[in-house]
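Predicted model only: the values in this text are computed from it and were never measured.
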4 protein chains.
Amino acid sequence: MSLAQQPLLRKERERLAKRQEIVNAARQVFAQKGYDHATLDEIAAKAEFAKGTLYNYFDSKETLFREIVSAMLDDLARIAEVAMEGGGSLRERFLRYATQTMEYHKKNEDLQRILARELNRMQLEVGLVPIMQRLRGIADILGSALKKEINKRTIVREEPTELAFVFLGMVHNRTLRRSFEGKGLSEFEPEREAHFLVQLFFQGCEVA
Amino acid sequence: MSLAQQPLLRKERERLAKRQEIVNAARQVFAQKGYDHATLDEIAAKAEFAKGTLYNYFDSKETLFREIVSAMLDDLARIAEVAMEGGGSLRERFLRYATQTMEYHKKNEDLQRILARELNRMQLEVGLVPIMQRLRGIADILGSALKKEINKRTIVREEPTELAFVFLGMVHNRTLRRSFEGKGLSEFEPEREAHFLVQLFFQGCEVA
Amino acid sequence: MSLAQQPLLRKERERLAKRQEIVNAARQVFAQKGYDHATLDEIAAKAEFAKGTLYNYFDSKETLFREIVSAMLDDLARIAEVAMEGGGSLRERFLRYATQTMEYHKKNEDLQRILARELNRMQLEVGLVPIMQRLRGIADILGSALKKEINKRTIVREEPTELAFVFLGMVHNRTLRRSFEGKGLSEFEPEREAHFLVQLFFQGCEVA
Amino acid sequence: MSLAQQPLLRKERERLAKRQEIVNAARQVFAQKGYDHATLDEIAAKAEFAKGTLYNYFDSKETLFREIVSAMLDDLARIAEVAMEGGGSLRERFLRYATQTMEYHKKNEDLQRILARELNRMQLEVGLVPIMQRLRGIADILGSALKKEINKRTIVREEPTELAFVFLGMVHNRTLRRSFEGKGLSEFEPEREAHFLVQLFFQGCEVA
DNA sequence: AATGAATGAGTTTTCATTCAT
DNA sequence: CATGAATGAAAACTCATTCAT
């Protein structure tokens, strides 16, 4: 790395750090107030910038919001990919997926609330793809793992993605409800919960 | 019924009919735009009344919204009660519940979208009770039916309401996703879907 | 009086009685809320008529208000006239005027507040004459009584109406302040107060 | 003063100047139309700002109004204090008070009209204290000066604040009426008027 | 880059007045 | 005459976005 590049890199790094400050502030505010009631004033105050400064980093409130949601969806897709790619039985892989997804929600309770609140805006294109389609992408990842078992006739003959959506829904519901019940997720035990859901789901799917 | 009463009754009926016009218009707009982006202008236009007229029937946008959500929650609770009270095996009763709930969502696609969108406003008190608590009430109805089986050790020992929430979530997710995928529910087959979910859920819950 | 006229007269009397009901209700509401915040809804409710019915008796809110203010100004002018026309010394006549004016305010505390509140609308023409000019008419009545004494050089050479306005102002201020201090006028003693003001005014006006 | 501070001070000064522009515009509009009929549209237009800009300086119409009334009451109280604190006989001090108060009203004709119009809103708390109580504060200042003379038995034994209110009322009435008669105060002569009122009041109060 | 003042379109709500029954 | 539903013109307030400094 040349010395001449260093200052540029530092500047670049600083810029990115500031950008991230804004994103973090926005996440909190969006999670707490929802998209519509979140104000740039509040986000700017929390990020300790002037309101106008936000526009040096983001084109609009919408852009800022999409970036946050998009990053979350990327994370969730990655979790699914990694869990499915790893070794082990199908149950083990789904257990990993469920555990890690719920851990992610526990660690990022605000993000989870954003997604829930903005089912609201589900038609909204995030990046270029509608949120729902992004979720379908995740379901597909789980689905293609299921497909092999379906073909082996060990689990019910259902369209794999549909089946995956059932599981995905169970996982998300589980944390979501806790969050909305107002108690927070501090005592939520992802691993225990994951076991329960995996057991129920796979026993339920077994061919009788 | 005396002749003298007739006009009063007619007036009363007409008033209620108009009120319902407004509610119907509002349901559509709330479902399409969400609470915050729904404007009274649009609701009034759709109901074919002047904006001010809405205020002869409802105190505020909030009131109108709450009435809609509250009525839906009443309906959903009623469906659960009736399904559980009727005779038949536990599976049969859950089948009825699932079928009828999904039929309700199919018939009232807009209402379902409102509930989903306004998980957003879940903390909001509707009537006097937070939405989440109303949902818990429904889960309790299903839960107390499950309790007996749990006691008989034929299904897994889990807290009954928690278990019921799993089922409730499966049912709602099922229609919700279809609705958000944009294809509409016209080809959705509640009975078939209900069978699938009941089978999966109960087989999943069986004590191994 | 012919028999044929009787029913008409009864109808007429009933109509006037209803009209008066409205006026009375309006007085209370205007006094309590002020012109702008008084609503026809509230007036109608207090008068136990439907809102639309008010328009069978008055052309507009404004008309109704003017009638009330105008009647009050008529009363106040009458009090001044009668007090000045009666016999006795100038002091005695002014004492009567002050006593009766303050008694009127005590009896009609709401009216007094209306006048005070709607100094606000003083430019407003009531009937055809601006309120301020009506008050000047009252001052003139007092003034022409003062004029004779001024000519006799027993009291200061000032323009009589101006001098009268000083007294008129003293009298109105006296009750007005009590009313706005929120204690009500129930313990207000017009006669005692009148003596005090008359003494101060006339001693103050004496030629040194 | 450091050079670095200069820009800050200039900004600050400009901000205050703009704020004052708004206050001045509001004073005129409130005086002309009264609180309720004054619109922010009109105030903004007169101040040559957009409507929204007002909200960068004031929280609400109410706040703006209160600031104006409160400042006026501060001024009036200050005038009373200064007049009473200065040397000279009691008459001389009251002469100063009356002259300066009437000069203030002459210079700020709009303010005086606001106070009069909004006797209307007298119950309203301005700052933290009801208007009426603020006026009583002024009367108290005059009253404590009167108290000494009352104790010396040179003027009538009346409660000093009550007596002061009589004088205060005479002074305000004097300018107020002129203003409402529509001729304006351009030819009003505070000093001459003050002499007249002081002479009348003190001669009237002398112990016979 | 950072600032924060200025903007103005958009929204809910109120209420005098009208009018069909 | 009595009713009360319908109307629509205001009006206060919010806030994303722009832009001069």
Legend entry - Touch class at under 4.0 angstrom, heavy-atom based, for B:Ala44 against every strand present: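 Contact class for B:Ala44: none.
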
Inset, instruction - Assign A:Ala38 to base, sugar-phosphate, or nothing according to its heavy-atom contacts below 4.0 angstrom with the strands shown. - result: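 Touches sugar-phosphate only.
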
Could you give the [atom1]-to-[atom2] distance, from [X] to [N], as a whole number of Å?
{"X": "D:Glu42", "N": "F:dA11", "atom1": "CD", "atom2": "P", "value": "9 Å"}
{"X": "A:Tyr55", "N": "E:dT3", "atom1": "OH", "atom2": "C1'", "value": "14 Å"}
{"X": "C:Phe49", "N": "F:dG4", "atom1": "CZ", "atom2": "P", "value": "12 Å"}
{"X": "D:Leu40", "N": "F:dT14", "atom1": "CG", "atom2": "P", "value": "11 Å"}
{"X": "D:Glu14", "N": "E:dG4", "atom1": "CD", "atom2": "C1'", "value": "13 Å"}
{"X": "D:Lys18", "N": "E:dT7", "atom1": "NZ", "atom2": "P", "value": "9 Å"}
{"X": "B:Ile22", "N": "F:dA5", "atom1": "CD1", "atom2": "P", "value": "11 Å"}
{"X": "D:His37", "N": "F:dA10", "atom1": "NE2", "atom2": "P", "value": "12 Å"}

Of all the nucleotides listed ([options]), which has the minimum atom distance to the side chain of [X]?
{"X": "A:Lys61", "options": "F:dT17, F:dA5, E:dT12", "result": "F:dT17"}
{"X": "B:Thr39", "options": "E:dG4, E:dA16, E:dT12", "result": "E:dT12"}
{"X": "B:Lys51", "options": "F:dT7, F:dA2, E:dT12", "result": "E:dT12"}
{"X": "A:Tyr57", "options": "F:dT7, E:dA2, F:dA16", "result": "E:dA2"}

Inset, instruction - Please confirm whether the backbone N or O of B:Tyr57 pairs with a side-chain atom of B:Arg19, one donor and one acceptor, at under 3.5 Å? - result: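 Yes, B:Arg19 side chain to B:Tyr57 backbone: donor-acceptor pair under 3.5 Å.
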
Legend entry - Presence of donor-acceptor pair under 3.5 Å, side chain of B:Asn56 and base of F:dA5: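 Donor-acceptor pair under 3.5 Å: no.
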
Legend entry - Watson-Crick or G-U wobble partner of F:dT21, both distances under 3.5 Å: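 Looking at the geometry, F:dT21 pairs with E:dA2.
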
Inset, instruction - May I ask you to check whether over 12 heavy atoms, not counting those of A:Gln20, lie within 6.0 Å of atom CD? - result: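 Count over threshold, so yes.
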
Inset, instruction - Please state whether the rings of D:Tyr35 and D:Phe30 are parallel, tilted or perpendicular, taking 30° and 60° as the class boundaries. - result: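 Aromatic pair D:Tyr35/D:Phe30 classed parallel.
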
Legend entry - Student check: side-chain heavy atoms of A:Glu67 and A:Leu64 closer than 4.5 Å: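 They are not in contact (no side-chain heavy atoms under 4.5 Å apart), so the answer is no.
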
Inset, instruction - Output yes when B:Lys18 and B:Glu14 qualify as a salt bridge under the 4.0 Å nitrogen-oxygen rule, no when they do not. - result: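 Looking at B:Glu14 together with B:Lys18, the answer is no, because their closest N to O distance does not fall below 4.0 Å.
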
Inset, instruction - For D:Ser60 and for B:Leu54, find the nucleotide of DNA chain F with the closest heavy atom, then tell me which residue's nucleotide is more 5'. - result: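 Result of the comparison: B:Leu54.
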
Legend entry - B:Thr53 side-chain N/O to F:dA5 phosphate OP1/OP2 under 4.0 Å: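 Answer no for this pair, as no side-chain N or O of B:Thr53 is under 4.0 Å from OP1 or OP2.
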
